[in-house]
Asks: 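Starting off with a structure, shown below.
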Amino acid sequence: VDSPYESDARTILGHLILEDTLSSAPRRPSVVVELMSPENVDLLDTRDSETVITPVILSHILTQVALRRELHAVYVELFGTGGAELVLRTPSEYALEGRAVTFAEVQAAAAADAEIALGVRRQDGVTLAPARDDRWTFVEGDRIVAVTRVEEERRSRAD
């Protein structure tokens with residue numbers, strides 16, 4: 001079994017290779033780096049990426065569950081196998097293309113498909129939990145960030 005330091009060493013090496021590969025890219029994708037030890041964060045140049053420290057996140061989740069036992073079911077649903085997952089939907093999947101819509105309308109369209117709209121991803125970045133009266137006219141490449149159930153996703157795509 002690898003130590004957290006060995007795991008992080010491979011991750012950091014992979015990140016360096018990815019950074020080198022992306023250095024000439026006209027548009028850089030968002031990069032999330034998962035580390036096991038917070039001591040290794042300083043080894044990364046994270047100007048163009050986000051860093052997640054898994055044991056820290058897990059300890060925060062365990063603390064929340066210890067303080068509020070009812071959160072356990074929420075975390076199992078969000079992070080458990082076969083539970084909910086985040087998806088990026090095109091506005092056309094919710095019939096929202098070609099007109100100005102509010103986030104309240106986006107939420108209603110997602111809810112009609114048994115999903116929860118969390119925000120939008122546009123050319124200028126991701127906006128999570130926008131005001132319900134925020135308004136957009138979606139263009140090509142825009143996406144809606146939503147939560148869906150894995151079973152619902154498979155069933156709706158099979159229809």
Side-chain angles (χ1 to χ4, degrees), residues 7-8 11 14-15 18-19 21-23 25-36 38 41 44-159:
S7 174
D8 284 358
T11 299
H15 183 260
L18 181 63
E19 287 295 314
T21 303
L22 294 175
S23 65
R27 183 171 168 196
R28 295 178 51 90
S30 299
V31 176
V32 178
V33 179
E34 178 186 20
L35 295 176
M36 299 305 289
V41 172
L44 291 172
D45 176 9
T46 57
R47 286 176 296 193
D48 297 320
S49 61
E50 297 291 327
T51 305
V52 175
I53 313 298
T54 303
V56 172
I57 292 172
L58 289 175
S59 70
H60 288 234
I61 290 172
L62 289 173
T63 300
Q64 289 181 348
V65 170
L67 294 173
R68 294 185 56 202
R69 295 189 58 83
E70 67 272 14
L71 291 177
H72 179 261
V74 173
Y75 286 125
V76 167
E77 176 62 29
L78 289 176
F79 302 118
T81 304
E85 68 178 40
L86 291 175
V87 293
L88 295 174
R89 297 281 187 227
T90 62
S92 63
E93 290 179 81
Y94 293 140
L96 297 173
E97 69 278 2
R99 60 188 169 92
V101 294
T102 64
F103 189 61
E105 292 173 281
V106 172
Q107 288 177 311
D113 281 353
E115 297 182 343
I116 300 169
L118 299 178
V120 296
R121 186 188 80 185
R122 306 203 47 179
Q123 297 295 329
D124 57 348
V126 175
T127 304
L128 293 177
R132 289 178 48 81
D133 60 351
D134 282 2
R135 182 176 296 276
W136 305 275
T137 300
F138 292 114
V139 298
E140 184 68 32
D142 289 348
R143 297 290 183 266
I144 297 163
V145 181
V147 175
T148 189
R149 297 259 327 169
V150 173
E151 299 87 39
E152 296 295 324
E153 174 73 10
R154 286 191 194 117
R155 191 174 329 130
S156 67
R157 296 293 171 233
D159 292 339

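Because the structure is a prediction, the values reported are computed rather than measured.
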Asks: Side chains of M36 and I53: closer than 4.5 Å at any heavy-atom pair?
Replies: no
Asks: If every non-hydrogen atom of A117 is compared with every non-hydrogen atom of F103, which pair is closest and at what distance?
Replies: O-CZ, 3.6 Å
Asks: Quick one: are V31 and H15 in side-chain contact, heavy atoms under 4.5 Å?
Replies: yes
Asks: Indicate whether the side chain of S92 and that of E97 have a donor and an acceptor atom separated by less than 3.5 Å.
Replies: no
Asks: Quick one: does E115's side chain get under 4.5 Å of I144's, heavy atoms only?
Replies: no
Asks: Once rounded to the nearest 0.5 Å, what's the spacing between atom CG of L128 and atom CG of L118?
Replies: 6.5 Å
Asks: Between V52 and V33, is the side-chain contact (heavy atoms from CB on, under 4.5 Å) condition met? List the steps.
Replies: CA-CA 6 Å; V52 175; V33 179; over 6 Å; no
Asks: Could you list the residues that satisfy side-chain contact (heavy atoms from CB on, under 4.5 Å) with I61, not counting sequence neighbours?
Replies: I57, V65, Y75, F79
Asks: If I compare all heavy atoms of L88 with all of E93, which pair ends up nearest, and what's the gap?
Replies: O-OE2, 4.4 Å
Asks: Atom CG of L67 and atom CG of L62: how far apart are they, to the nearest 0.5 Å?
Replies: 11.0 Å
Asks: Without placing hydrogens or testing angles, list every side-chain donor-acceptor pair under 3.5 Å for residues 129-141, not counting sequence neighbours.
Replies:
unit_1	atom_1	unit_2	atom_2	d
R132	NH1	Q107	OE1	2.2
D134	OD2	A131	N	3.4

Asks: Measuring from T51:OG1 to E34:CD, what's the distance to the nearest 0.5 Å?
Replies: 11.0 Å
Asks: Can you tell me which residue pairs pass the salt bridge (charged side-chain N to carboxylate O under 4.0 Å, His left out) test with a partner in residues 55-71, sequence neighbours excluded?
Replies: R68-E70
Asks: Are P91 and V120 packed together at the side-chain level, in the sense that at least one heavy-atom pair is separated by less than 4.5 angstrom?
Replies: no
